Amino acid sequence: MAQSTLSKLFTVQENRNLQSMYNMGELEAVILQIKSKSDNLDNVQLNIAVLGDVGSGKSTFINAMRGLQSGDHGAAPTGNEETWMEPTKYPCQDLPNVQLWDLPGTNSFGFELNNYLKKVKFESFDFFIIVSQARFRENDAEIAKKIQGQGKEFYYVRSKIDNDAHSLKKQGADLNEGWRTIRRDCISNFQTVGVTPPDIFLISSFDLEEYDFPRLKSTLARDLPSIKSNVLSRSIPKIMLDVTEPKKRMLMKRVWLLAILAGAVGAVPVSVPVPVPVLSVITIIGLTVAGRIYLQKQLELSDKLLQSLASKVAKPSSVLKAEMIHRLPRKMPVAVTNVLLGITIASCMITGIKYSFSPVTLSIFGAVSSFALTYKLLKDSLKDRLETVQRLVKSALSRD
Ligand SMILES: Nc1nc2c(ncn2[C@@H]2O[C@H](COP(=O)(O)OP(=O)(O)OP(=O)(O)O)[C@@H](O)[C@H]2O)c(=O)[nH]1
Ligand SMILES: [Mg+2]
């Protein structure tokens with residue numbers, strides 16, 4: 001089965017090194033390490049899925065790409081019967097580090113698309129070539145939507161074009177006009193289903209010097225670096241999630257501790273000289289502020305880092321700084337919820353005291369509410385800062 005992008009880009013050991021660098025507060029070093037990987041993608045293997053309906057000519061196409069004919073040693077099995085039910089990879093000599101995956105027909109597995117996608121591990125492929133014969137298929141449209149939905153790209157191959165050429169000739173039609181019509185139809189069919197039309201190739205796997213087969217090979221060779229670079233940009237969030245996970249777990253434990261401390265203060269009996277709601281609110285504010293400063297320090301999001309990083313990734317520091325500024329419209333609902341939660345808790349406690357609830361009830365309420373509010377505020381703060389790290393890394397490594 002095709003490997004996930006992440007495991008192709010970093011070995012387990014490299015991944016661990018990144019995690020420990022990040023744990024030690026070396027975010028800049030982590031970013032520079034990922035950058036150095038992204039500048040050297042030649043050796044990264046690319047998994048290209050070749051898919052389409054049963055009998056559309058997928059296996060014959062893969063053999064043609066590899067310079068083989070059906071029946072040659074190592075060639076993919078072909079035929080008029082449904083021939084292949086397991087995804088199988090084939091190396092492509094002309095395109096180093098490219099694996100072409102021969103997938104079962106998209107109308108196999110009982111015609112259920114989601115079932116099919118799960119079975120072939122659709123998400124593990126980096127790029128797709130949809131092979132379709134004779135006319136535009138409903139399955140092609142659905143698959144194309146799924147590909148673009150994942151932010152990935154594909155080519156559309158109209159196969160067995162020698163058959164179309166034969167029919168057009170028999171009808172005395174102009175071949176070039178025939179090809180233009182087929183291309184126009186494909187484009188409009190994609191547009192109708194809301195898919196951005198891909199590169200379209202009309203090929204015959206039996207006439208490798210004719211039609212669009214030579215152009216397909218040269219276009220793929222030309223596009224490989226940009227496909228790889230897209231694969232990397234798409235993987236950055238996942239890579240960073242992995243890198244930050246151990247530290248996030250450690251910081252979540254600190255958040256729990258601070259929230260438990262706030263809960264303990266909230267449980268202090270009513271008989272102390274300071275009114276309980278005041279004590280709880282002061283504690284929550286104090287612990288939250290201290291916790292936020294601690295998180296800020298731990299996650300290393302300082303101006304000093306920005307200045308140094310900007311010069312190393314050749315980006316203006318203002319561009320990186322823009323990622324650090326909280327996006328108010330999106331953050332407002334969370335802030336409003338937290339304030340409302342705080343006001344509700346304080347009002348409930350004041351009402352509780354006024355109507356003389358038992359000290360035990362008040363203690364329990366004070367403990368639970370102080371814990372919950374402190375926990376929520378600090379957890380939101382941690383989440384927010386980790387999202388900022390993600391945006392910063394993405395911006396630092398983007399190629400524009
Ligand atoms: N005329 C013509 N026939 C082709 C071409 N490509 C494939 N065929 C024929 O179409 C039939 C099916 O081809 P395959 O390559 O086995 O098709 P497939 O999509 O791999 O089929 P499954 O694996 O069963 O889904 C075979 O008889 C091939 O010889 C082509 O470019 N032109
Ligand atoms: Mg096949």
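Start at 1 with the first residue, then count along the sequence. Values in this document were obtained by computation on a predicted structure and should not be read as measured data. First listed ligand is number 1; within each ligand, the first listed atom is number 1.
Heavy atoms from both the backbone and the side chain of Thr78 come within less than 4.0 Å of ligand 1. Under 4.0 Å from ligand 1, heavy atoms of Thr60 appear from its side chain as well as its backbone.
Heavy-atom distances between Ser56 and ligand 1 reach below 4.0 Å in at least one pair.
Judged by distance alone, with hydrogens and angles left aside, the side-chain atoms of Ser56 form a donor-acceptor pair with the main-chain N or O of Asp53 at under 3.5 Å.
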N/O donor-acceptor pairs under 3.5 Å from side chains in residues 191-206, not counting sequence neighbours:
from: Thr192; atom 1: OG1; to: Ser188; atom 2: O; distance (Å): 2.6
from: Ser204; atom 1: OG; to: Asp162; atom 2: OD1; distance (Å): 3.1
from: Ser204; atom 1: OG; to: Phe206; atom 2: N; distance (Å): 3.1
from: Ser204; atom 1: OG; to: Asp207; atom 2: N; distance (Å): 3.2
from: Ser204; atom 1: OG; to: Asp207; atom 2: OD2; distance (Å): 3.3

Result block: side-chain N/O donor-acceptor pairs under 3.5 angstrom for residues 167-175, not counting sequence neighbours:
from: Ser167; atom 1: OG; to: Asn163; atom 2: O; distance (Å): 3.1
from: Asp174; atom 1: OD2; to: Glu177; atom 2: N; distance (Å): 3.0

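Close approach of ligand 1 to Gly55 (heavy-atom distance below 4.0 Å) involves ligand atoms 12 (C), 17 (O), 18 (P), 19 (O), 21 (O), 22 (P), 24 (O), 25 (O). Taking every non-hydrogen atom of Ser204 and a distance limit under 4.0 Å, the qualifying atoms of ligand 1 come out as 31 (O). Distances below 4.0 Å separate heavy atoms of Ser205 from the following atoms of ligand 1: 30 (C), 31 (O). Close approach to Gly57 involves these atoms of ligand 1, each under 4.0 Å from a residue heavy atom: 7 (C), 13 (O), 14 (P), 15 (O), 17 (O), 18 (P), 19 (O). Set against the non-hydrogen atoms of Asp162, the atoms of ligand 1 under 4.0 Å away are 1 (N), 2 (C), 30 (C), 31 (O), 32 (N). Applying the 4.0 Å criterion to heavy atoms of Asn163 picks out, from ligand 1, the atoms 1 (N).
A donor atom on one side chain and an acceptor atom on the other are found under 3.5 Å apart for Lys315 and Ser398.
Using a 4.5 Å heavy-atom threshold, the side chains of Tyr156 and Val131 count as separate.
For Ser59, the nearest N, O or S atom to the Mg ion (ligand 2) falls under 2.8 Å.
Both the sub-6.0 Å distance and the 45° axial angle are not jointly satisfied by Lys152 relative to the ring of Phe125.
Aromatic ring centres of Phe122 and Tyr116: separated by at least 6.0 Å.
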